[in-house]
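For reference, the structure discussed in these notes is given below.
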Amino acid sequence: MTARAAVFEKEEAALVRAHPLTQFGFDALVAGAARPRPGGLAFLDDVDGAVDHVTYADLYQRVGACLSKLRALDLARGERILICSPSGAQAFVALVGALAAGLAPTLAPMPLPQWRAAIAHGAKTLQIGALFAPAQICGLDFEEALLDIAADTPSLRVIGALHGALDGAADFSAQALAAQMSPRVPLSEDWSDDERFDVGALDERGNVRFASQGALLGAALDLVRATRAAREAPILSLYAPSSLAALVAGPLAALLAGAPLHFLAPFTTARFLETLDALGSTRLIAPVSILADLERAGLLDNGAIAAVIALGDGAACVGDSQERCPIIALRAEEDAFVLRRL
């Protein structure tokens with residue numbers, strides 16, 4: 001790349017980040033996406049073999065129903081909540097509903113054994129008022145883990161089940177929020193609110209990193225610009241939206257690009273290859289660590305993948321081929337999101 005081209009690209013990226021949309025919140029993004037294409041596919045969740053087609057109108061209605069249920073709970077404005085995020089649209093619905101309700105959410109992975117201590121530490125340190133997580137999903141039962149976290153967090157008053165049933169938990173499942181009798185609140189009521197809370201994400205030690213909604217939307221706009229050669233190719237994410245980078249690369253970039261976002265859980269090689277065949281040329285969100293495997297399988301240069309958004313740590317062990325699809329590494333650093341073409 002010439003010096004002049006590099007300067008132009010830097011200036012173009014700065015203009016993208018200054019887009020007026022970054023002045024609004026995620027609720028405005030969902031409402032704005034639903035208006036021109038209500039019947040278009042926003043998310044396709046293939047979890048445990050049960051496929052959920054979520055249109056833009058469905059997404060808007062579910063967020064409105066989530067907002068209505070949150071307002072009925074004993075949660076004060078600005079109260080901190082924790083969302084343990086499974087693969088699928090439901091964690092994003094809970095996140096947007098929480099932000100629209102004036103709550104301060106933090107994302108976390110599911111309370112698996114390797115994450116349970118970090119989540120318990122984060123919940124206690126943040127003094128959360130509510131915990132949202134799946135009770136059961138992908139053959140796993142999280143009831144014991146959730147109750148243990150609740151017992152160790154004196155401030156916790158509400159548990160919300162994103163999937164499955166848990167005694168005493170509020171039902172925030174897709175089925176409950178999509179029910180015709182579920183009351184909904186128009187998201188536009190909250191657009192004029194000047195105080196928009198940041199989004200947090202837990203690390204493996206239970207510490208939290210925060211980013212503003214504007215910064216997250218700006219990073220997603222950068223990513224859409226960097227992968228624009230993929231045009232309207234669907235997006236397949238191997239990550240749950242449980243980190244800031246996965247949130248940017250998945251739901252936010254998908255809504256901004258107008259491309260359907262597919263989640264696949266649990267992951268198996270056979271289901272992954274079947275999904276790629278079914279989707280056609282796809283934008284893939286995947287760990288840096290599997291790039292070499294994708295290259296060995298010929299998936300980076302046979303047209304199956306239009307672009308890769310690589311997340312996580314590690315070296316990208318791939319060759320420099322003219323036929324290889326674009327690979328964009330996305331990292332959330334101390335005060336910014338960094339995109340780097342590999």
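Quantities reported herein were computed from a predicted structural model and do not represent experimental measurements.
- Of the possible polar contacts, one joining the Thr282 side chain to the Gly280 backbone as a donor-acceptor pair under 3.5 Å is found.
- Atoms CG and CG, from Leu131 and Leu156 in turn, are 6.0 Å apart once rounded to the nearest 0.5 Å.
- Residue Arg37 places its CZ atom among more than 12 non-hydrogen atoms of other residues, nucleotides or ligands, all under 6.0 Å distant.
- Taken from CG in Leu202 to OG in Ser85, the straight-line distance is 10.0 Å, to the nearest 0.5 Å.
- Side-chain contact between Ile149 and Ile159: absent, with no pair of heavy atoms (C-beta onward) separated by less than 4.5 Å.
- Remark: Gln114 CD is packed, more than 12 non-hydrogen atoms of other residues, nucleotides or ligands lying under 6.0 Å away.
- Using modelled atom types, no side-chain atom of Lys69 and backbone atom of Leu177 make a donor-acceptor pair closer than 3.5 Å.
- Listed for the Ser155 side chain is a donor-acceptor partner under 3.5 Å among the backbone atoms of Ile128.
- In this structure, Glu333 places its CD atom where more than 12 heavy-atom neighbours from other residues, nucleotides or ligands lie under 6.0 Å away.
- More than 12 heavy atoms of other residues, nucleotides or ligands sit less than 6.0 Å from atom CG of Asp277.
- The distance from the CZ atom of Arg331 to the CZ atom of Arg340 is 8.5 Å, given to the nearest 0.5 Å.
- A distance-only check finds no donor-acceptor pair linking the side chain of Arg62 to the backbone of Gln90 [under 3.5 Å].
- Rounding to the nearest 0.5 angstrom, the gap separating the CD1 atom in Ile328 from the CZ atom in Arg225 is 9.0 Å.
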